[in-house]
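Beneath this line is the structure, given in C-alpha cells, with notes to follow.
For reference, positions follow the sequence shown, starting with 1. If you're wondering where the values come from, they're calculated on a predicted model, not measured in any experiment.
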Amino acid sequence: MVELRSELLRTVSERGYLHQCTDLERLDALAADGPITGYIGFDCTADSLHVGSLVPIMLLRRLQQCGHKPIVLLGGGTSRVGDPSGKDTSRRLLTDTDIARNMIGIRSVFEHFLSFGDAPQDAIMVNNADWLERLNYIEFLRDYGRHFSINRMLSFDSVKLRLEREQPLSFLEFNYMVLQAYDFVELGERHDCILQMGGSDQWGNIVNGVELGRRVKNRTLFGLTSPLIETASGEKMGKTASGAVWLNEDRRSAYDYWQYWRNTEDADVGRFLRLFTDVDGAEIQRLEALRGQEINEAKKVLADNATALCRGTEAARAAAETARRTFEDGGIGAALPVVEMARADMEAGLAAFEMFRRAGLSASNGEARRLIRGGGARVNDIVVVSESQPIGAGDVNDQGVVKLSAGRKRHALIRPV
C-alpha cells in the first residue's frame with residue numbers, strides 16, 4: 001500500500017471507506033496540494049434515504065472535514081430511468097410527481113451531515129434534470145454514445161448478472177450508465193469536479209465517467225469506491241425484519257434509529273464507529289477492545305453518536321434516556337414509538353398477532369404468530385400466551401397506552417384515539 005500524503009485519503013483508508021480508486025497516487029497528490037471537488041449521486045427512488053446510503057453520505061462528510069468541496073447530486077433525471085446496479089429486476093418507473101415528492105423528502109437529511117453555503121468548501125446540491133432534460137437525443141448519441149463499447153458494457157456486473165440469470169434488462173436501464181457518465185463530465189465543466197465516489201457496485205459506471213471525461217473534454221477525472229457493507233453475520237446493512245432503516249424521522253423514530261445502532265453485533269462495533277461516527281481513532285480502539293458486558297457501553301456510544309449525526313444531539317439524548325427507563329427502570333420512555341388505534345377497535349379488542357403487526361413490531365401476521373409462539377411477545381411487560389389473545393381497552397394502563405414488546409429491545413405504545 002502506497003504511503004498516503006493527503007488527510008483525505010488517509011482518513012478514507014484508515015476508517016474503512018476505501019475499496020478501489022482509478023489512480024490513487026495521483027488523486028492523493030492533488031488532494032494534498034489543495035482543495036478538490038467531489039460528488040456522489042443519489043437517485044430519488046423513495047421519499048427517504050436509508051442506512052444503506054450512510055457510507056456515501058459519510059464519504060461526503062469526510063471530504064468536507066478534510067477541507068474539500070462536496071457536491072450532492074440528486075438524480076431528478078436519472079430517477080426516471082432507474083439504475084440496474086444490484087437489482088435482479090427492473091425498477092418501478094416513477095412519475096415526475098413521484099420524483100419531486102421524493103426529492104423533497106431526501107434533501108433534508110444532508111443538512112445534518114454537511115455544511116451548505118457559499119464558502120469555497122461549503123457543500124452544494126444540484127439536480128441532474130437541469131441538464132439531462134435539455135439533451136438533444138441525436139446530438140447526444142453522436143457526441144457521446146460513440147465513446148461507449150457495447151462489448152464492455154455487457155461485461156459490467158450490473159448488466160452481466162441480469163443477463164446470466166435470464167432476467168430482463170430494458171434498453172432504458174442499459175442507458176443509465178451512459179447518463180451517469182455524462183453527469184460526471186457535466187459536473188466537471190460546471191463545478192470543476194474531479195472526483196466521483198460511490199459504492200463498489202458503481203465501479204463500472206464511475207470508470208465510464210472517468211474515461212468519457214478524458215475522451216471528450218481531455219479532463220483528468222478520478223473514481224473512488226467504498227466496500228458494500230454487511231454485518232458480521234452476513235446481513236445486508238440497513239435491513240431488518242421490519243424493513244429498511246430509514247434516515248428521516250417521519251419514516252423511523254429517533255428511538256428506533258438509536259435502537260438499531262444499539263443492537264449492533266459485537267464484532268461490528270469498532271468498524272461501525274469508524275464508518276458512521278466522528279469518534280476519534282484512539283477512543284474507538286479503546287471501545288472495540290471491551291469484552292463481555294462492557295461492549296454494551298461501546299454500543300451505546302455508537303448509538304448516541306450515530307443518532308446525533310442523523311437526528312441531532314437532543315434526539316439522541318432523549319432516545320438514550322428512553323432506553324434507560326425502558327430497560328433499566330422498567331418504565332415507559334417518552335420517546336417510544338406511539339401507534340394510534342381507533343377507540344372502537346380497542347373496545348372490540350384485536351388478536352395479539354394482529355396488534356403486533358399493526359404496531360410495526362412484526363412485518364406480517366405470520367411473523368407475529370412466530371414471535372408469540374416463541375415467548376417473545378409481551379403486553380405491559382407480561383408474556384403473551386396465545387396468538388389469538390385479545391388486546392384492547394382493558395389493557396390500557398394508567399398512562400393511557402398499551403405497551404407492546406417484541407423481545408427485550410423493541411417496543412411500541414398503542415394509544416386509543
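Under the 4.0 Å criterion applied to side-chain N and carboxylate O atoms, Arg219 and Asp192 are assigned as salt-bridge partners. Using a 4.0 Å cut-off between a side-chain N of Lys or Arg and a carboxylate O of Asp or Glu, Asp28 and Arg10 do not qualify as a salt bridge. Salt bridge annotation for Lys299-Asp266: present, with a cationic side-chain nitrogen under 4.0 angstrom from a carboxylate oxygen. In summary, Arg214 and Glu211 do not engage in a salt bridge, as defined by a charged side-chain N under 4.0 Å from a carboxylate O. By the 4.0 Å N-to-carboxylate-O rule, Arg251 lies close enough to Asp47 to be salt-bridged with it.
Between Gly67 and Gln121 the shortest heavy-atom distance is O-CG, 2.9 Å. Listed here is the closest heavy atom pair of Ile40 and Pro56: CD1-O, 3.1 Å. Residue Leu371 comes nearest to Ala406 through the heavy atom pair CD2-CB, 3.7 Å, listed as atom of the first residue, atom of the second, then distance. The nearest pair of heavy atoms linking Asn365 to Glu354 is OD1-CA, 4.1 Å. Between Gly76 and Met103, the shortest heavy-atom distance links the atoms CA-CE, 3.5 Å. Considering all non-hydrogen atoms of both residues, Ile284 and Gly270 come closest at CG2-O, 3.7 Å.
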Q: Check the pair Tyr137 / Leu141 against side-chain contact (heavy atoms from CB on, under 4.5 Å), numbers first and verdict last.
A: CA-CA 6 Å; Tyr137 186 60; Leu141 286 178; 3.5 Å; yes
(Q) Between Arg62 and Tyr17, is the side chain to side chain donor-acceptor pair (under 3.5 Å) condition met? List the steps. (A) CA-CA 10 Å; Arg62 302 302 181 215; Tyr17 300 101; 3.1 Å; yes
Q: Run the numbers on Thr78 and Asn128 for side chain to side chain donor-acceptor pair (under 3.5 Å), then give the verdict.
A: CA-CA 7 Å; Thr78 44; Asn128 63 13; 3.0 Å; yes
**Q.** Leu404 vs Val402, side-chain contact (heavy atoms from CB on, under 4.5 Å): CA-CA, chis, key distance, verdict
**A.** CA-CA 6 Å; Leu404 303 183; Val402 181; 4.0 Å; yes
Q: Please step through side-chain contact (heavy atoms from CB on, under 4.5 Å) for the pair Leu27 and Thr22, ending with a clear verdict.
A: CA-CA 9 Å; Leu27 177 61; Thr22 54; over 6 Å; no
Q. Do Thr277 and Phe272 pass the side-chain contact (heavy atoms from CB on, under 4.5 Å) test, and can you show the C-alpha distance, the side-chain angles, and the key distance before you say yes or no?
A. CA-CA 8 Å; Thr277 78; Phe272 287 2; over 6 Å; no
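With hydrogens and angles disregarded, a donor-acceptor distance shorter than 3.5 Å links the side chain of Ser48 to the backbone of Asn248. Judged by distance alone, the side chain of Glu133 and the main-chain N or O of Gly77 form no donor-acceptor pair under 3.5 Å. Distance alone, capped at 3.5 Å, is enough to place a donor-acceptor pair between the Arg146 side chain and the Arg142 backbone. With Arg311 contributing its side chain and Leu247 its backbone, the two residues share a donor-acceptor pair below 3.5 Å. No donor-acceptor pair closer than 3.5 Å links the side chain of His191 to the backbone N or O of Cys193. Between the Arg415 side chain and the Val401 main chain, no donor and acceptor come within less than 3.5 Å of each other. In this structure, the side chain of Lys69 engages the main chain of Asp122 through a donor-acceptor pair within 3.5 Å. Put simply, the side chain of Arg61 never gets that close to the backbone of Ile57: no donor and acceptor are under 3.5 Å apart. Thr231 places a side-chain N or O within 3.5 Å of a backbone atom of Glu235 that can act as its donor or acceptor partner. Looking at Ser79, its side chain never comes within 3.5 Å of a backbone N or O of Asp43 through a donor-acceptor pair.
Side-chain contact check for Val55 versus Leu228: every heavy-atom pair is 4.5 Å or farther apart. Counting heavy atoms from C-beta outward, Arg373 and Glu387 have side chains that approach closer than 4.5 Å. The shortest side-chain heavy-atom distance between Leu132 and Tyr182 falls under the 4.5 Å cut-off. Between Asp98 and Thr95, some side-chain heavy-atom pair lies under the 4.5 Å cut-off. At least one side-chain heavy atom of Met125 sits less than 4.5 Å from a side-chain heavy atom of Leu74. Here the side chains of Met197 and Leu60 are in contact, with some heavy-atom distance below 4.5 Å. Counting heavy atoms from C-beta on, the side chains of Asn208 and Gln180 never come closer than 4.5 Å. Taking 4.5 Å as the limit, every side-chain heavy atom of Val126 sits out of range of all side-chain heavy atoms of Tyr39.
Side-chain N/O atoms of Asp278 and Gln65 include a donor and acceptor closer than 3.5 Å. Checking Gln202 against Gln196 by side-chain atom types alone, no donor-acceptor pair falls below 3.5 Å.
The number of heavy-atom neighbours closer than 6.0 Å to CG of Asn218, taken from other residues, nucleotides and ligands shown, is 12 or below. Heavy atoms from other residues, nucleotides or ligands lying under 6.0 Å from CD of Glu265 number more than 12.
Here CG of Leu273 is found 12.0 Å from CD of Gln285. Values are rounded to the nearest 0.5 Å. Taken from CG in Leu9 to CG in Leu224, the straight-line distance is 6.5 Å, to the nearest 0.5 Å. To the nearest 0.5 Å, the span separating CE on Met355 from CE on Met341 amounts to 4.5 Å. A distance of 9.5 Å separates CG in Leu30 from OG in Ser6, rounded to the nearest 0.5 Å. In this structure, His112 NE2 and Thr307 OG1 are separated by 12.0 Å, a value rounded to the nearest 0.5 Å. Within the model, atoms CG of Leu8 and CG of Leu195 stand 7.5 Å from one another, a figure rounded to the nearest 0.5 Å.
Relative ring orientation between Phe276 and Trp261 is described as tilted, the plane-to-plane angle lying within the 30° to 60° band.
Both tests do not hold together for Arg252 against Tyr257: distance to the six-membered ring centre under 6.0 Å, angle to the ring axis within 45°.
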